[in-house]
Amino acid sequence: MPEAPIATAAPRSAWTRERLAARLPFLRRRAALTAATRHFFTARGYMEVETPCLVPAPGMEVHLRGFETQYRPHLGIGQDRTLWLRTSPELALKRLLVGGAGKVFELARVWRNGEASPHHAPEFTMLEWYAPGMTLAGMMEETELLLRSLVPGLVGQGEVTADFALPFERLTMAEAFSRHCRGLDILGTIDAATGEGDAARLRVHAAKARLHVPESDSWEDGFFRLVMRYIEPAIGRGRPTFLTHWPTPQAALARRDPRDARVALRFELFAAGLELANAFEELTDPVEQRTRFERDVAQRRAETGEAGWDVDEDFLAALEAGMPPASGIALGFDRLAMLASGATEIEDVLWLPAIPRSPPPALAAPPKLLAAPAASETASAG
């Protein structure tokens, strides 16, 4: 989801003993969290995998910017070519599903150019897992089970808290707009035949709800303006919230809901003021996915004025070979570590931050991380 503009931080010393010492209580919690995460997935029959960091297409999300590099062969293999540091392992992991790997997970290092804030780092860890045959509802159940096993009951960021011991809220995007945007009917702004959003219709619906969407806004701009102003600040408080069933213009790599063509089978997870995860019941139609990718490439080039990268043809070839029905999720592991440790900035849970932002915090005692669940617990659950 697009975020507000990020302020530029002044260059700082990359390392001092004191800065690392101040972070060690949080980092020890992170290490325990990593071990517990691996235990959870292996006990449930997942295989840990490692996919390439250097790729020809780092990801297809329109608003992400990549780190570009050049491969220059000097041992006689390959040709000069442009490669990118991945923004997500998603497309590679799905190719493994096509190849018959079964349930897989990866604690993946990923890179996103220009992202630095208390909740962002240009290099960070994404926990992604994919399960053939799993529905979106099943993915929500498994995600809730994972987080209950990893995170202390009550966590917070400043004054905003969420209790992971409580049942997670499940809220559709249509319900969220109705509840938090004065009854606005967001699905009424979607063309069911094309799946496209109508900006003029959105402005009309917003005006009826006494909300303002500028004339210059595209449908996507207006949608995110309302989500970020009215919905995100109201959810994930008290308990985590799954925000589900997104409008089809925001389907990304999710398939449409067969019961309502205006809706995509996608959810995001919010807790204590943080967006933690993004999940899809996966689109397996190569024709529809190519159409979406080509539209995304054109939009990114229009926004940036740069050539960037092309459609990922290897991934589309994998879809043509036949991807099984599946659901998958990307969870920001550093943000999860923040919640589990009580850290207030992402830098606190990074071993050696690439772009240090803050002075050394005072040593703190993070809340106790729950122990990894017993193998019998995780194997029998869900």
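For the numbers below, each heavy atom of this structure counts, side chains included, while hydrogens, waters and symmetry mates do not. A quick note: this is a predicted structure, and the numbers were derived from the prediction, not measured.
- For the residue pair Gln70/Thr82, the side-chain donor-acceptor check at 3.5 Å is satisfied.
- Salt-bridge annotation for Asp310 and Arg301: present, with a side-chain N of the basic residue lying under 4.0 Å from a carboxylate O of the acidic one.
- Remark: side-chain polar atoms of Arg170 are paired, donor with acceptor, to backbone N or O of Phe168 under 3.5 angstrom.
- Listed here is the closest heavy atom pair of Met47 and Ala101: CE-O, 3.7 Å.
- Using modelled atom types and a 3.5 Å distance limit, the side chains of Glu220 and Gln299 yield a donor-acceptor pair.
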Run the side chain to side chain contact (heavy atoms under 4.5 Å, CB included) test on Ile190 and Asp198 for me, step by step, so that the C-alpha distance in whole Å, both residues' side-chain angles and the decisive distance to 0.1 Å come before the verdict. CA-CA 6 Å; Ile190 309 299; Asp198 186 317; over 6 Å; no
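- Proximity of Phe177 to Val227: side-chain heavy atoms (C-beta onward) are separated by under 4.5 Å at one or more points.
- In the displayed structure, Arg109 atom CZ is contacted under 6.0 Å by more than 12 heavy atoms of other residues, nucleotides or ligands.
- With a 4.5 Å cut-off on side-chain heavy atoms, Thr248 and Thr194 do not count as touching.
- Separation of the Phe40 and Phe105 ring centroids does not fall under the 6.0 Å cut-off.
- Glu196 has no carboxylate O lying under 4.0 Å from a charged side-chain N of Arg262, or vice versa, which leaves the two without a salt bridge.
- Not a single donor-acceptor pair under 3.5 Å links the side chain of Arg335 to the backbone N or O of Leu276.
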Start with the C-alpha distance between Met134 and Met139, add both sets of side-chain angles, then the distance that settles side chain to side chain contact (heavy atoms under 4.5 Å, CB included), and finish with yes or no. CA-CA 7 Å; Met134 185 175 285; Met139 181 57 72; 3.8 Å; yes
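- Remark: side-chain polar atoms of Ser341 are not paired, donor with acceptor, to backbone N or O of Phe26 under 3.5 angstrom.
- Nearest heavy-atom pair across Leu166 and Arg148 is O-NH2, 3.0 Å.
- Here the shortest heavy-atom pairing between Met60 and Val311 reads CE-CA, 4.0 Å.
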Got a list of side-chain donor-acceptor pairs under 3.5 Å for residues 49-57, not counting sequence neighbours?
{"residue": "Thr51", "atom": "OG1", "partner": "Arg86", "partner atom": "NH1", "Å": "2.9"}
{"residue": "Thr51", "atom": "OG1", "partner": "Glu106", "partner atom": "OE1", "Å": "2.7"}
{"residue": "Thr51", "atom": "OG1", "partner": "Glu106", "partner atom": "OE2", "Å": "3.4"}

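- Using a 4.0 Å cut-off between charged nitrogen and carboxylate oxygen, Glu159 and Arg237 do not count as a salt-bridge pair.
- A donor-acceptor contact shorter than 3.5 Å is absent between the side chain of Trp309 and the backbone of Gly66.
- Using a 4.5 Å cut-off on side-chain heavy atoms (C-beta onward), Leu33 and Phe333 make contact.
- In terms of hydrophobic clustering, with Ile, Leu, Val, Met, Phe, Trp and Tyr side chains grouped at heavy-atom distances under 4.5 Å, Tyr230 and Met173 are assigned to a common cluster.
- Residue Met126 shares its hydrophobic cluster (ILVMFWY side chains chained together at separations under 4.5 Å) with Val110, Phe124.
- His205 places none of its side-chain heavy atoms less than 4.5 Å from the side chain of Leu211.
- Aromatic ring centroids of Trp129 and Phe41 lie under 6.0 Å apart.
- A distance-only check finds no donor-acceptor pair linking the side chain of Glu294 to the backbone of Thr291 [under 3.5 Å].
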Given the rule in the side chain to side chain contact (heavy atoms under 4.5 Å, CB included) test, do Val263 and Arg256 qualify, once you have shown the distances and angles that lead to the verdict? CA-CA 6 Å; Val263 172; Arg256 291 198 201 188; over 6 Å; no
Under the side chain to side chain donor-acceptor pair (under 3.5 Å) rule, what do Arg30 and Thr125 come out as? Steps first, then yes or no, please. CA-CA 11 Å; Arg30 180 191 179 112; Thr125 299; 3.1 Å; yes
Could you walk me through whether Thr189 and Trp219 satisfy the side chain to side chain donor-acceptor pair (under 3.5 Å) test, starting with their C-alpha distance in whole Å, then the side-chain angles of each, then the deciding distance to 0.1 Å, before giving a yes or no? CA-CA 9 Å; Thr189 71; Trp219 182 92; 2.9 Å; yes
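- Counting heavy atoms from C-beta on, the side chains of Leu283 and Leu319 never come closer than 4.5 Å.
- Taking the charged nitrogens against the carboxylate oxygens, Glu303 and Arg65 do have a contact shorter than 4.0 Å, which makes a salt bridge.
- Side-chain contact between Leu269 and Leu243: absent, with no pair of heavy atoms (C-beta onward) separated by less than 4.5 Å.
- There is a path of hydrophobic side-chain contacts, each under 4.5 Å, that joins Phe267 to Leu145.
- With Glu282 as reference, Lys94 is the one residue of Lys94, Arg266, Arg255 to meet the salt bridge (charged side-chain N to carboxylate O under 4.0 Å, His left out) rule.
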Determine whether Thr87 and Asn113 satisfy the following criterion, side chain to side chain contact (heavy atoms under 4.5 Å, CB included), listing intermediate values before the conclusion. CA-CA 9 Å; Thr87 61; Asn113 204 342; over 6 Å; no
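- Hydrophobic cluster membership differs between Phe293 and Val62, with clusters built from Ile, Leu, Val, Met, Phe, Trp and Tyr side chains linked at under 4.5 angstrom.
- Ion pair Arg23/Asp348 not flagged as a salt bridge, since none of the NZ, NE, NH1 or NH2 atoms sits closer than 4.0 Å to an Asp/Glu carboxylate oxygen.
- Pro249 and Gly197 make their closest contact through CG-N, 3.4 Å (heavy atoms, listed as atom of the first residue, atom of the second, distance).
- Donor-acceptor pairing under 3.5 Å is recorded for the side chains of Tyr130 and Glu128.
- Using a 30° and 60° split on the angle between ring planes, Phe224 and Trp246 fall in the tilted class, from 30° to 60°.
- Between Arg44 and His39, the side chains place no donor N or O within less than 3.5 Å of an acceptor N or O (distance only, hydrogens not considered).
- For residues 176-185, the pairs satisfying side-chain hydrogen bond (donor to acceptor under 3.5 Å, both in side chains) are Glu169-Arg179, with sequence neighbours left out.
- Side-chain contact between His119 and Gln157 is present, with heavy atoms from C-beta onward closer than 4.5 Å.
- Minimum heavy-atom separation, Ala252 to Phe280: CB-CZ, 3.6 Å.
- Inter-residue side-chain proximity for Leu226 and Val213 is flagged as met; some heavy-atom pair is nearer than 4.5 Å.
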